[in-house]
Amino acid sequence: MRKFTTRALLVAAALSASVSTLAASELNFWSWRQEDIAAYEKIIAAFEATHPDIKITYTAHEAKAYNTILTTALAGGSGPDIIHTRAYGSLEAISGAGYLEALDGQVDLSLLSADELLGTTLRADGRIYAVPFASQTVVVYYNKDIFDANNITVPETFEEFKAASTALKAAGITPLANGTADGWTVEIMSGAIMPNFYGSGFFGEVTSGATDFEDARYVGALEKMSELAEFMPTGFEGVDYATMKALFTSGAAAMFIGGSWEINGFRDAGINFEIMPGPAAEAGGERMVATWLDGGYGVNAASENKEDALEFIRFTATTPFAQMLTDELNNVAAVDGAMSSDATLSRVSSFHSAATPYIMLVAFRFDTPTGSTLLQSGLQELMTGAKTAAEVAADVSNGIKTAE
Amino acid sequence: MANVVLRSVNKQFGEVKVIKDVNLTVEDNEFVVFVGPSGCGKSTLLRLIAGLEDLTSGEVHIEEERVDHLAPSKRGVAMVFQSYALYPHFTVRQNMGYALRVAKESKETIAKKVNDAASVLQLTEYLERKPKALSGGQRQRVAIGRAIVRDPKVFLFDAPLSNLDAKLRVQMRIELTKLHRSLNATMIYVTHDQVEAMTMADKIVVLRDGKVEQIGAPLDLYNAPDNLFVAGFIGSPSMNFFDGTVINTSNTDVEIDVKDSVKIKFPLNEPSNLSTGDKVSFGVRPEHFTIGNTNQGTFTGEVYAVERLGGETYLYLYVGDQKEVVAHMSGDQKIAIGDMVEIGFSLKQSYLFGPHGDAVR
Amino acid sequence: MSMTNADYEKAKRNRTLKLKLWLLFLILPPAAILIVFVFVPMGSAVWYSVFDWDGLVRKEFIGLANFQDILFNPLKNKVLFNAFMNNVKVFVSLMLVQNGIALVIALLLARNPKGYRFYQVVFFLPVILSTVIIGFQWKLFLNPVFGLVNKFLHNIGLHDWALPWLGLPETALNSMLLVNSWHWFGFPTLVFLAAIHRIPKDFIEAARLDGASEWRIAREIIWPLMAPAITIITVLTFIGSFNWFEIPYIMNGLEGSPAGSTDMLGLMFYRTAFGSVSAGGSNFGSGSALAVLMFIFIFVFSIIATKYLTSREVEMN
């Protein structure tokens, strides 16, 4: 019996040795983008064509459970070689715990802007742990057919925006599809409306501590936000994300403030829409869009095929990869140099000349309660009239100051 | 005049007729017992009087007033349940005073009435206890006390003694009779036990299958049962019945042949409609047998069991192929199992029932 | 072959041993399940709660700092207090509405109305449905734009009544409570009905003869005698209320939207321990501390309530 065991072990060892020398190294790539499986497989095929000795398997987990699945696997010493990471606070949870390989020095990051790299930098050591992949942008979608049918010209300033909305409402059309039932959709809406009122300088000042959220500029922006409640659907307090989309795609509502990831869905729904940045505070004022980095690609520090994994990560920092991301997924790629053949997507990219960080996600999602939690709850109270702009601003400001 | 009158009372549960055309009068201050085997409808009849069930048809009158449309509490009746139905979360005092409290009597009146009833029933020292802390007999008395306190026109008892042991039952029987006399109230009492009926009743109503079989004073039922059923039901042990055939009839007597062996000439007080060849039942109560031949009639049988109680003796015999003929003798009899014994009877203390069970007199 | 005294003793010992082994066999499996799935997780929650575990990796031992943080950090205890008061409101409302309706229905059904079996089944039907489906279904029914509820209100002319039920802080929690009541009332109904059926009919008939009205019978005879059922339902409702999670999570999300008006201890625990997109990263230490606090509160109160409620129960005979 003992002899047999020994012999079996020897055979197995010999076999595994021969396999590893003969076959390509196999890499696992985990993501939460289930809707992007086909596109990623195409991209991976392109990579494998130039790297015949590397084989990558793309696995997409359910988006809501992804963080839990990933962190559990990493904590258990397993996990994929290549990791699709989120950015900012969510990334810090993994990179701070030492599960990710630091990429600066190992990967050429020259095609990425400092703003974008901020999203994958660990604040504690200043090193970069993932290659940023795409950014999201808050825009205003509008239904061109409805605008034309009611002779509405595309508004440029906030007053024009309100005037257009008033006209639409008079015509029996819900001007804005947005509701407040899902807190995060209100935060998104604030990302289109508020920056043009608090201005481009505010982000730097509030993050450096030079001012706080009780700043008159921020309170004023909140007040403007609250003026839009009357243009939202009847019962907007109970309108959730799914209902918002249904209202816009069915043509019941003329405008929809949302993220750039909606483009594909709205196009599939067959509406004749166009996008614009949030309205300017006054004629000739700046029209900034709030943007943030959606995530990046990182390498598991414990991977046995780290070098091969890094090879793929290097590929994700190149223009050809960015071009594929743009073509296949209609993403606004973080890496420079990609040209979109899609007109709408090109417009999104063009808005980036006046971009401002999506404030709470980019800068205040590291402590609990997060800026997002505070702002979402505050905006719900603001829009339903339960609190004034000044009260909401005070709540947010105090909450952020008291957070650890 | 707290009398109770039932007129053509019928009760149906779905398709099942449980009470069939019952007519009955209970006089004021009378103690009437409804007796019959289980399922005869005696409890249902009581519940119809109480108002716990609705009549299908007929009328119920109490004290010359029609009450079958009234709620139970408006009929002036009080009921003692077989289970006593004492509220377990109330003390004895609260149990007895509940109806008065519901009727919004003053505290003083309630206390007085409860105390009075308690002293009559010797419950005074238990007034603050919960029913759980009482013995069966005490609970029984509380249940009666609860009825007394209400000062009803009619007391209704639904087999109230069946949960007590034999000794206590005898005792309570006497107490209830005493109570009836002292309260001077109309009482209707339901039981399946004919001994209770015989010992307590002024008048017995024998029920079978929802029908009244006979109404009468206890000894009238004993001495002159109207039919085979009443004859068998009243008396303990039950009357012995022998199958017979009419061989001759006349205006003054009927000659019957019992088991091809014994020929009996049964004297008639009134003309019968029996004719030769009719199948009849001949009945003799166990206590009416004597040992040895009588000139009027004698059976011979083999003794298969003897119960000696000292003061009395029960003999169990086979008479021909008829099993279980019981004879009740006073004193101790020198008879052993296996003995062939002659038992005799007198024609005056024997009964004859026609083909349909009706008494022939 | 006669047996000696020693033989008898041996046989007797043998019998006791067999009985003991049998009892052991009966007790061991449930004990094992209890240990693995109840005591070990409970123990580990207590263990985790004394560590700094902000993020993925467990860091150093910090004693009761997590508890202190939850209870005394002004921001967190504000959230905690808000969630706790919501749980209290849930408990009180469910006792009044869900169990109150159940009691009334049980009293009606106990009188054996026509179609009694049918109603019993119909009332119990929602209980066997999955909470997830019910939460989702009612979320759709209450949708201000497409929902059946508001459509119905508009159709019968009550336009002012057509509110965004789940979106207003004043109505969101109440709407969810009604949904929960609809989901669960069949269960207390069944328990109450069984309890009423257990009361001998004689008690009620005796009371009826004593002249008590139906209301009085219900209040003075039936109610006190169904005390054991009231105890069970009260304690179960208490535990359920303070562990309430599924309906609020499905209908108004992890953040207790709108503006914390539907926040519950359970949601707060989930957000703290596992994190969420908006609420930030996971903190097992804080989450475990909150879970321990919830457990202690529910456990202690359940025991006090059971003790108190049991003391007012009476044996029927």
Side-chain angles (χ1 to χ4, degrees), chain B residues 13-14 43 46-47 49-54 70-91 94-105 110 130-134 136 139 142-144 146-147 149-152 154-160 163, chain C residues 103 106-108 110-118 191-234 305-317:
Chain B
F13 289 115
S43 281
L46 192 75
R47 295 166 60 80
I49 296 170
L52 294 174
E53 305 284 355
D54 289 329
L70 294 177
S73 57
K74 307 274 188 241
R75 297 185 179 193
V77 298
M79 184 152 162
V80 175
F81 290 82
Q82 181 173 358
S83 65
Y84 318 141
L86 301 181
Y87 312 125
H89 54 302
F90 287 174
T91 61
Q94 288 169 324
N95 263 288
M96 286 171 61
Y98 188 65
L100 300 178
R101 241 180 318 142
V102 170
K104 298 205 169 72
E105 297 271 0
I110 298 175
K130 294 264 175 74
K132 205 172 71 168
L134 301 180
R139 289 183 204 182
V142 175
I144 293 168
R146 192 166 64 176
V149 163
R150 293 189 49 202
D151 197 12
V154 181
F155 284 86
L156 305 175
F157 294 92
D158 189 3
N163 287 343
Chain C
L103 183 63
L107 285 169
L108 291 177
R111 316 184 65 173
N112 276 325
K114 222 177 165 157
Y116 158 82
R117 296 289 306 170
F118 172 75
V191 174
F192 291 154
L193 193 58
I196 296 172
H197 278 317
R198 226 172 65 89
I199 301 172
K201 229 174 74 189
D202 288 358
F203 290 163
I204 290 150
E205 292 186 337
R208 214 165 272 164
L209 272 165
D210 279 345
S213 62
E214 294 304 313
W215 162 240
R216 196 158 181 156
I217 292 173
R219 200 176 40 133
E220 292 183 352
I221 309 296
I222 297 176
W223 172 256
L225 293 181
M226 56 192 290
I230 307 283
T231 304
I232 291 167
I233 292 299
T234 303
T306 311
K307 276 254 158 73
Y308 168 71
L309 290 170
T310 315
S311 71
R312 50 177 283 278
E313 290 173 10
V314 277
E315 277 174 48
M316 221 79 84
N317 285 303

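We name chains A, B, ... by the order of the sequence lines, and we start the count at 1 in each one.
Remark: C:R208 CZ to B:M79 CE distance equals 12.5 Å, nearest 0.5 Å. Rounding to the nearest 0.5 Å gives a distance of 5.5 Å between CG of C:D210 and CZ of B:R150.
Partners of C:E205 according to the side-chain contact (heavy atoms from CB on, under 4.5 Å) rule, which considers only residues two or more places apart in sequence or in another chain, are B:R47, B:L52, B:F81, C:K201, C:D202. B:F157 is linked by a ring-ring contact (aromatic ring centres under 6.0 Å, His included) to B:Y189, counting only residues two or more places apart in sequence or in another chain.
Heavy-atom minimum distance, B:V102 versus C:G211: CG1-O, 3.2 Å. Nearest heavy-atom pair across B:L86 and C:F203 is O-CE2, 3.2 Å.
The side chain to side chain contact (heavy atoms under 4.5 Å, CB included) test with C:L209 singles out one residue from B:P152, B:S73, B:P72, and that residue is B:P72.
No side-chain heavy atom of B:Y87 sits less than 4.5 Å from a side-chain heavy atom of C:E220.
Contacts between C:E313 and chain B at a heavy-atom distance below 4.5 Å are absent for every atom of the residue. In this structure, no portion of B:V80 lies under 4.5 Å from any heavy atom of chain C. Only the side chain of B:F90 comes within contact range of chain C, judged by heavy atoms closer than 4.5 Å. In this structure, no portion of C:A227 lies under 4.5 Å from any heavy atom of chain B.
By the 6.0 Å contact criterion, OH on C:Y308 is open, its count of non-hydrogen atoms from other residues, nucleotides or ligands being 12 or less.
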